[in-house]
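The structure under discussion appears below in the form of structure tokens.
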Amino acid sequence: MDFTVLTLFPDLIGPFFDHGMISRGIEKNLIKGQCINIRDFSTDRHKTVDDRPYGGGSGMIMKPEPLQAAVEYAQKKSPESRVILMTPQGTRFSQEKAQELASQKTGLIFVCGRYEGLDERITTLLVDEEISIGDYVMTGGELAAMVIIDAVARLIPGVLGSCDSSKSDSFTDDRLEYAQYTRPEEFNGLGVPGVLLSGNHEKIRQWRRTSSLQRTFLKRPDLFRKSTLTTEEKNILMQWRRELGTFVSE
Ligand code: SAM
């Protein structure tokens with residue numbers, strides 16, 4: 001999959017493509033990352049990319065002409081790509097959205113705004129989708145684009161070392177991931193749950209299921225509203241309730 005970022009600050013994005021799993025995915029030819037400087041598409045001698053808002057008010061607005069030329073250039077390089085505008089007014093990004101974008105066969109073009117945002121006609125004419133990474137306002141869309149690319153790229157088969165490693169991630173099935181441990185077996189007086197050292201795969205699976213459910217229950221109970229509990233999950237929660245009852249009455 002091709003990831004193309006349209007930005008006024010390409011230096012922010014370049015190093016992101018050069019590190020970690022993203023650069024490994026690029027090396028393995030599973031993904032491509034490119035950055036396009038919107039300013040290169042400004043035609044006046046000052047390379048102007050912004051102007052004052054019609055109707056007055058503070059701040060500057062990104063002009064439509066360089067943006068249109070930059071998007072069209074990106075579309076030529078990566079045909080049939082989906083054009084995504086980074087904006088706090090967009091649909092809230094989520095793991096579900098990351099999965100949907102990762103299943104796209106074509107590429108993704110991210111338009112990063114700056115200043116007070118961009119001329120509305122660009123959104124009307126060229127943008128397929130508007131995405132926000134949360135209910136707060138940043139100075140530019142670059143961090144948002146990197147957040148989305150990072151979350152999507154790791155779901156593309158082969159980008160992570162093991163094809164299984166994203167399957168138990170938090171939010172994949174509306175649950176948080178179970179607690180994880182590595183060596184040493186004892187750290188600052190704290191041990192590792194014995195079952196994880198037992199080598200009994202079924203017991204480890206059950207322990208992880210329980211840990212995942214307990215964490216979801218304690219940290220993000222709202223996730224339970226998104227999907228129904230399986231019979232195994234109901235049994236685990238009932239058992240936990242019984243254990244808590246014993247603990248409280250002691
Ligand atoms: N005036 C705009 C508004 O109130 O909706 C905010 C503009 S913001 C200062 C500049 C740019 O940062 C936006 O065009 C967008 O690309 C990016 N941005 C800011 N917050 C964002 C968020 N939560 N999610 C995605 N992009 C964001």
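Just follow the structure's listing: the first ligand is 1, and inside any ligand the first atom is 1. On a predicted model such as this, the values are computed, not experimentally measured, just so you know.
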Without hydrogens or angle criteria, can the side chains of Gln34 and Thr4 be said to hold a donor-acceptor pair below 3.5 Å?
-> yes

Considering non-hydrogen atoms of the protein only, which is the closest contact for [atom], and what is the distance?
atom	result
atom 23 (N) of ligand 1	Tyr136 O, 2.8 Å
atom 16 (O) of ligand 1	Met86 O, 2.6 Å
atom 5 (O) of ligand 1	Gln89 NE2, 2.9 Å
atom 2 (C) of ligand 1	Glu116 O, 3.6 Å
atom 26 (N) of ligand 1	Thr87 N, 3.3 Å

Within 4.0 Å of some non-hydrogen atom of Gly117, the atoms of ligand 1 are 14 (O)

Using a strict cut-off of 4.0 Å, indicate which atoms of ligand 1 neighbour a heavy atom of Gly141.
-> 12 (O), 16 (O), 17 (C)

Heavy atoms only, cut-off 4.0 Å: how does [X] contact ligand 1, side chain, backbone, both, or neither?
X	answer
Thr139	backbone
Pro88	both
Ile131	backbone
Val137	both

Is the closest heavy atom of Phe93 to ligand 1 under 4.0 Å?
-> no

Which heavy atom of [X] sits nearest to which heavy atom of [Y], and what is that distance?
X	Y	value
Ile61	Asp119	CG2-N, 3.5 Å
Ala153	Ile31	CB-CD1, 4.0 Å
Leu67	Met62	CD1-CB, 3.9 Å

Atom CG in Asp173, atom OG in Ser212: separation rounded to 0.5 Å?
-> 6.5 Å

Rounded to the nearest 0.5 Å, how far apart are CZ of Phe171 and CZ of Arg220?
-> 5.0 Å

Nitrogen or oxygen of [X] less than 3.5 angstrom from that of ligand 1:
X	answer
Tyr115	no
Ala144	no
Gly113	yes
Arg114	no
Ile133	yes

For the side-chain contact (heavy atoms from CB on, under 4.5 Å) test, which of Met86, Gln89, Arg92 pairs with Ile131?
-> Met86

Linking I/L/V/M/F/W/Y whenever any side-chain heavy atoms sit under 4.5 Å apart, do Leu213 and Leu244 land together?
-> yes

Hey, quick one: are Leu160 and Leu155 part of the same hydrophobic cluster, counting side-chain heavy atoms closer than 4.5 Å, chains of contacts allowed?
-> no

Stepwise, does the side chain to side chain donor-acceptor pair (under 3.5 Å) test hold for Arg209 with Gln206?
-> CA-CA 5 Å; Arg209 200 92 200 108; Gln206 283 172 9; over 6 Å; no

Counting heavy atoms only, which of Met138, Arg92, Glu130, Met62 is nearest atom 20 (N) of ligand 1?
-> Met138

Measure from the side-chain N and O atoms of Lys28 to the backbone N and O of Gly158, and report whether any donor-acceptor pair falls under 3.5 Å.
-> yes

